[in-house]
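A, B, ... follow the sequence lines: proteins, then strands. Residue 1 opens every chain. These figures come from a predicted structure and were not determined experimentally.
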Amino acid sequence: AQTVTQSQPEMSVQEAETVTLSCTYDTSENNYYLFWYKQPPSRQMILVIRQEAYKQQNATENRFSVNFQKAAKSFSLKISDSQLGDTAMYFCAFMKHYNQGGKLIFGQGTELSVKP
Amino acid sequence: ETGVTQTPRHLVMGMTNKKSLKCEQHLGHNAMYWYKQSAKKPLELMFVYSLEERVENNSVPSRFSPECPNSSHLFLHLHTLQPEDSALYLCASSQDWNRGRVSSYNEQFFGPGTRLTVL
């Protein structure tokens, strides 16, 4: 069975600074997807960034980038130039590549506060 | 309305009540999901429907009963719940995942959730 672990329940960062959220996972699969989701206080969960395990290049989306270390089963999220609107819960998630039932496995979440 | 909507946004019910949660997606998707989000715990997948057929029931107690009358609507019927069922219930939708074949990734879009409190 797959598991996803986020070891940082809470983090804070000053506006305009950079913060890194950690995620580790456990799987015996070789092909899979990894995701970071953001859930602001309004509660609508949105996808921030996605990484395919077969791609060596780290995914980037504007101020968001990941550090994907497949051998170490590590998938961290870096937020550059943090903004107040980045304040939210962030969830790391895993999905098998040969998808059966669209099953996302989530971590416990990291609550990020961006301070002015 | 756009995206995925859920009603009601907040619900308080007694253990003997019967209530239903509603989810509607306006994205043209044909797969829908129910998740449970409890405090300090990861999101748990409860049910998955593809083309109105249930394809996943993740060991959910029978006091939760899903219904998917068409590809745009998903319900969660609640009956004789327990206080530990209090949680945020999230609905999501996506394109189908090409069951039985090599699939491509289909992003799941989430609704805002229903905050359920069982007294």
Side chains of residues 107-116 of chain A: which donor-acceptor partners sit under 3.5 Å, not counting sequence neighbours?
{"from": "A:Gln108", "atom 1": "OE1", "to": "A:Gln6", "atom 2": "N", "distance (Å)": "3.1"}
{"from": "A:Thr110", "atom 1": "OG1", "to": "A:Gln6", "atom 2": "NE2", "distance (Å)": "3.4"}
{"from": "A:Thr110", "atom 1": "OG1", "to": "A:Gln8", "atom 2": "O", "distance (Å)": "2.7"}

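Contacts between residues 66-86 of chain B and chain A, counted as heavy-atom pairs separated by less than 4.5 Å, involve no residue at all. Using a 4.5 Å cut-off between non-hydrogen atoms, the part of residues 7-15 of chain B that approaches chain A consists of B:Arg9, B:His10.
In the displayed structure, A:Lys78 atom NZ is contacted under 6.0 Å by at most 12 heavy atoms of other residues, nucleotides or ligands. Within 6.0 Å of NZ in A:Lys70 there are more than 12 heavy atoms belonging to other residues, nucleotides or ligands.
Criterion: ILVMFWY side-chain heavy atoms under 4.5 Å apart, direct or through other members. Under it, A:Tyr32 and A:Val66 are part of a common hydrophobic cluster. Hydrophobic clustering, with ILVMFWY side chains joined whenever heavy atoms are under 4.5 angstrom apart, keeps A:Phe75 apart from A:Phe106. Cluster membership for A:Leu77 and A:Leu84, using ILVMFWY side-chain heavy atoms within less than 4.5 angstrom, is shared. Residues A:Ile49 and A:Met89 do not share a hydrophobic cluster, clusters being chains of Ile/Leu/Val/Met/Phe/Trp/Tyr side chains in contact below 4.5 Å. A:Leu47 and A:Leu34 fall into different hydrophobic clusters, where Ile, Leu, Val, Met, Phe, Trp and Tyr side chains are chained together by heavy-atom contacts under 4.5 Å.
Note that the OH atom of A:Tyr33 and the CD atom of B:Glu107 stand 12.0 Å from one another [nearest 0.5 Å]. The CG atom of B:Leu43 lies 9.0 Å from the CG atom of A:Leu104; values are rounded to the nearest 0.5 Å. Between atom CE of residue A:Met45 and atom CZ of residue B:Phe109 there is a gap of 13.5 Å, rounded to the nearest 0.5 Å.
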Could you go through the side chain to side chain contact (heavy atoms under 4.5 Å, CB included) check for B:Gln108 and A:Tyr37 one step at a time?
-> CA-CA 11 Å; B:Gln108 291 184 24; A:Tyr37 280 87; 4.3 Å; yes
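Residues that satisfy the side-chain contact (heavy atoms from CB on, under 4.5 Å) test with A:Pro9, not counting sequence neighbours, are absent from this structure.
Residue B:Gln6: no heavy atom, backbone or side chain, is found under 4.5 Å from chain A.
Inter-residue side-chain proximity for B:Leu90 and A:Gln39 is flagged as met; some heavy-atom pair is nearer than 4.5 Å.
Minimum heavy-atom separation, B:Gln37 to A:Phe91: NE2-CZ, 3.2 Å.
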